[in-house]
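Taking it in order: structure first as structure tokens, then the write-up.
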Number of protein chains: 2
Amino acid sequence: MIDKLIARLNGLHPMSEALTERIRSMVWITDHPKKTILLKEGEVNNHICMVASGLVRSYYINEGKEITSRFMDEGFIITSWISFYTRKPGNEFIETLEDTTLTCVHYNDIQKLYEEFPEFNIIGRKQVEYSFYMAELRTRMLRKNTAEEKYKFFLENHPNLLQRVSLKHVATYLGMNEETLSRVRSQYHKTH
Amino acid sequence: MIDKLIARLNGLHPMSEALTERIRSMVWITDHPKKTILLKEGEVNNHICMVASGLVRSYYINEGKEITSRFMDEGFIITSWISFYTRKPGNEFIETLEDTTLTCVHYNDIQKLYEEFPEFNIIGRKQVEYSFYMAELRTRMLRKNTAEEKYKFFLENHPNLLQRVSLKHVATYLGMNEETLSRVRSQYHKTH
DNA sequence: TTAACTGCTTGACAATTGTCAAGACATTTC
DNA sequence: GAAATGTCTTGACAATTGTCAAGCAGTTAA
């Protein structure tokens with residue numbers, strides 16, 4: 001499991017043996033059954049975890065309703081970025097949608113890595129660049145005008161996710177309600 | 001003008017004299033009158049520029065209409081991130097809304113800095129982290145349900161911008177049309 | 001097995017937002 | 001200065017989306 005994480009980091013920038021070993025000593029693995037809350041609103045997100053296997057979603061409450069902000073499957077980093085970055089309690093929840101295995105590193109350990117291995121900043125930079133890039137793509141979806149365009153965008157960008165996620169969550173992710181998504185789908189799949 | 005940029009980078013992480021001098025040798029300053037197109041759809045964004053003074057917006061075309069994606073005033077980085085990151089032609093335009101002075105560094109020079117000064121990766125990482133954080137806040141706005149909530153969010157987060165930007169652009173930024181924004185404003189300011 | 005619950009769909013209707021058109025006013029251009 | 005252009009507003013109406021309610025199939029729990 002740790003090897004997956006190491007491989008991913010090496011893919012961003014080749015790491016020295018010393019750095020690799022240091023990371024190995026810091027990483028821990030955790031298993032969580034489906035429907036486990038990993039982070040609650042009001043908590044500070046103190047570690048960065050990668051999904052080794054499984055599926056996770058993050059969401060927050062707006063006007064009393066859950067708004068799904070992101071789905072994270074294998075290889076993706078699950079972190080409530082605003083909280084992790086600001087070091088303050090965030091308002092995001094993170095929960096598992098399937099049985100999930102995570103590989104995690106503590107915030108303090110990440111900072112140590114940045115200090116002890118300057119080249120780890122290259123990896124940190126590239127990872128944040130990638131996360132930012134993905135976030136920009138998601139934002140593009142939210143700027144689509146119609147429910148159908150949003151659904152189409154989702155189909156194109158997450159073709160595999162539809163089988164694993166309930167439509168209720170997809171709907172709030174796309175910024176519409178469950179019923180609208182249902183209608184858009186039936187309309188869309190008639191003509192495509 | 002360059003001092004502003006240097007000060008900003010020092011604020012992210014103190015830089016050595018050598019790094020500072022290297023950066024000074026790479027930066028150039030450009031002035032652009034109001035309504036200048038700085039980047040066109042289909043071009044690769046090959047440099048990172050900071051607004052030293054003035055105001056800029058980025059936008060793209062969706063279904064034939066301009067969608068404003070961001071406003072950037074003093075101290076902010078103007079870069080079409082998706083294009084800069086992927087090194088491919090993007091679909092964003094960038095234009096000045098006021099007479100603007102920019103301090104710019106070329107993509108290749110940035111990469112040289114990353115290689116020659118490993119500690120520059122700390123600055124790069126922190127800058128991207130900050131940009132990402134700001135982008136996440138903007139995304140939160142897009143997930144607001146009603147036009148009024150979006151307008152309120154804009155008022156709270158960019159209180160000074162409303163005097164400098166035409167409402168047409170604010171409207172597309174908020175994901176609504178001009179008329180709706182106008183109505184929301186008249187409604188909102190009656191009761192607040 | 002029955003009961004409760006979840007996920008998804010559909011219908012009727014309400015609320016919100018978009019579209020098209022027009023006009024007032026300010027600003028720019030020639 | 002006159003004309004053209006741009007900004008903002010308002011009205012009437014259309015389209016889209018949300019809300020509330022109900023129902024059905026499949027799953028879970030007792």
Side-chain angles (χ1 to χ4, degrees), chain A residues 33-37 55 57 59 61-68 71 95-99 141-155 158 161-192, chain B residues 33-37 55 57 59 61-68 71 93 95-99 141-155 161-192:
Chain A
K34 195 173 169 172
K35 292 187 182 175
T36 307
I37 302 281
L55 181 61
R57 79 168 177 128
Y59 64 96
I61 312 282
N62 182 265
E63 310 265 313
K65 290 181 181 171
E66 288 185 10
I67 307 292
T68 299
F71 298 108
E95 75 164 0
T96 57
L97 297 178
E98 299 175 356
D99 296 349
M141 178 277 289
L142 289 176
R143 289 189 194 276
K144 297 285 183 188
N145 286 322
T146 65
E148 182 175 325
E149 280 184 277
K150 290 177 185 172
Y151 177 63
K152 200 177 159 193
F153 187 98
F154 186 82
L155 275 184
H158 310 282
L161 229 53
L162 217 50
Q163 282 75 43
R164 302 167 71 188
V165 175
S166 75
L167 292 180
K168 178 176 64 176
H169 295 330
V170 175
T172 67
Y173 177 74
L174 297 179
M176 64 189 72
N177 62 21
E178 211 181 333
E179 296 93 329
T180 299
L181 176 59
S182 181
R183 285 183 245 267
V184 163
R185 273 164 55 83
S186 73
Q187 189 58 37
Y188 184 84
H189 293 294
K190 250 185 234 167
T191 57
H192 289 80
Chain B
K34 195 173 169 171
K35 290 187 184 177
T36 307
I37 301 281
L55 181 62
R57 80 170 176 125
Y59 64 95
I61 311 284
N62 182 266
E63 311 266 310
K65 290 181 182 172
E66 289 185 8
I67 308 290
T68 299
F71 298 108
F93 295 80
E95 76 165 359
T96 56
L97 297 177
E98 299 175 354
D99 295 350
M141 179 277 290
L142 289 176
R143 288 191 195 276
K144 297 286 182 188
N145 287 321
T146 65
E148 182 176 326
E149 280 183 278
K150 291 178 184 172
Y151 177 62
K152 199 177 159 191
F153 188 98
F154 186 81
L155 276 184
L161 230 54
L162 218 51
Q163 280 77 44
R164 300 167 73 188
V165 175
S166 76
L167 292 181
K168 178 176 63 176
H169 294 330
V170 174
T172 67
Y173 176 73
L174 297 179
M176 64 189 73
N177 62 22
E178 210 180 333
E179 296 93 329
T180 299
L181 177 58
S182 181
R183 284 183 245 266
V184 163
R185 275 163 54 83
S186 73
Q187 191 58 36
Y188 184 84
H189 293 295
K190 249 184 232 166
T191 56
H192 289 80

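Residue numbers begin at 1 in each chain, while the letters A, B, ... track the order of the sequences.
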* Taking all heavy atoms of A:Pro33 and all of A:Thr96, pick out the closest pair and write down the distance. => O-OG1, 2.8 Å

* Relative to each other, are the rings of B:Tyr59 and B:Phe93 parallel, tilted or perpendicular (30° and 60° limits)? -> parallel

* Ring centers of B:His189, B:Tyr151 separated by less than 6.0 Å -> yes

* Asked: Would you call the rings of A:His158 and A:Phe154 parallel, tilted or perpendicular, where under 30° means parallel and over 60° means perpendicular?
  -> tilted

* In whole angstrom, give the distance that lies between atom NZ of B:Lys190 and atom C1' of D:dT10. => 11 Å

* **Rounded distance (Å) that lies between atom P of D:dT10 and atom NE2 of B:His189** => 12 Å

* Asked: When the distance from CD of A:Gln163 to P of C:dC8 is rounded to whole Å, what number comes out?
  -> 12 Å

* Structure fact -> Looking only at heavy atoms, the pair that brings A:Asp99 and A:Lys34 closest together is OD1-N, 2.8 Å

* **Nearest-angstrom distance from the residue atom NZ of A:Lys34 to P of D:dT28** => 7 Å

* **Separation of atom CD in B:Glu98 from atom C1' in C:dT27, rounded to whole Å** => 16 Å

* For the pair made of CD in B:Gln187 and C1' in C:dT16, what is the distance, rounded to whole Å? -> 13 Å

* **Distance-minimising heavy-atom pair for B:Asn62 and A:Asn145** => OD1-ND2, 3.8 Å

* Take atom CD of B:Glu148 and atom P of C:dT16, then tell me their distance rounded to the nearest Å. => 10 Å

* Where B:Leu142 and B:Tyr173 come nearest, the two heavy atoms and their spacing -> CD2-O, 3.9 Å

* If you check every side-chain atom of A:Thr180, which of C:dT17, D:dT17, C:dT19 has the closest atom? -> D:dT17

Distances for protein N or O near nucleotides 5-9 of chain D N or O, under 3.5 Å:
from	atom 1	to	atom 2	distance (Å)
D:dT7	OP2	B:Lys168	NZ	2.8
D:dC8	OP2	B:Leu167	N	2.7
D:dT9	OP2	B:Ser182	OG	2.9
D:dT9	O5'	B:Ser182	OG	3.1

* Structure fact -> Axis-to-axis angle across the helix from C:dT1-D:dA30 to C:dC30-D:dG1, five pairs each end, nearest 10 degrees, ~ 50°

* Can you check whether B:Asn145 has a side-chain N or O nearer than 4.0 Å to OP1 or OP2 of D:dG18? -> no

* With heavy atoms under 4.0 Å as the rule, sort B:Lys65 into base, sugar-phosphate or nothing. => sugar-phosphate

* Just how far, in rounded Å, is P of D:dG18 from CG of A:Leu174? -> 11 Å

* Asked: Between A:Thr172 and B:Arg143, which heavy-atom pair has the shortest distance, and what is it?
  -> O-NH1, 4.1 Å

* Structure fact -> Of all heavy-atom pairs linking A:Met141 and A:Lys150, the shortest is O-CG, 3.6 Å

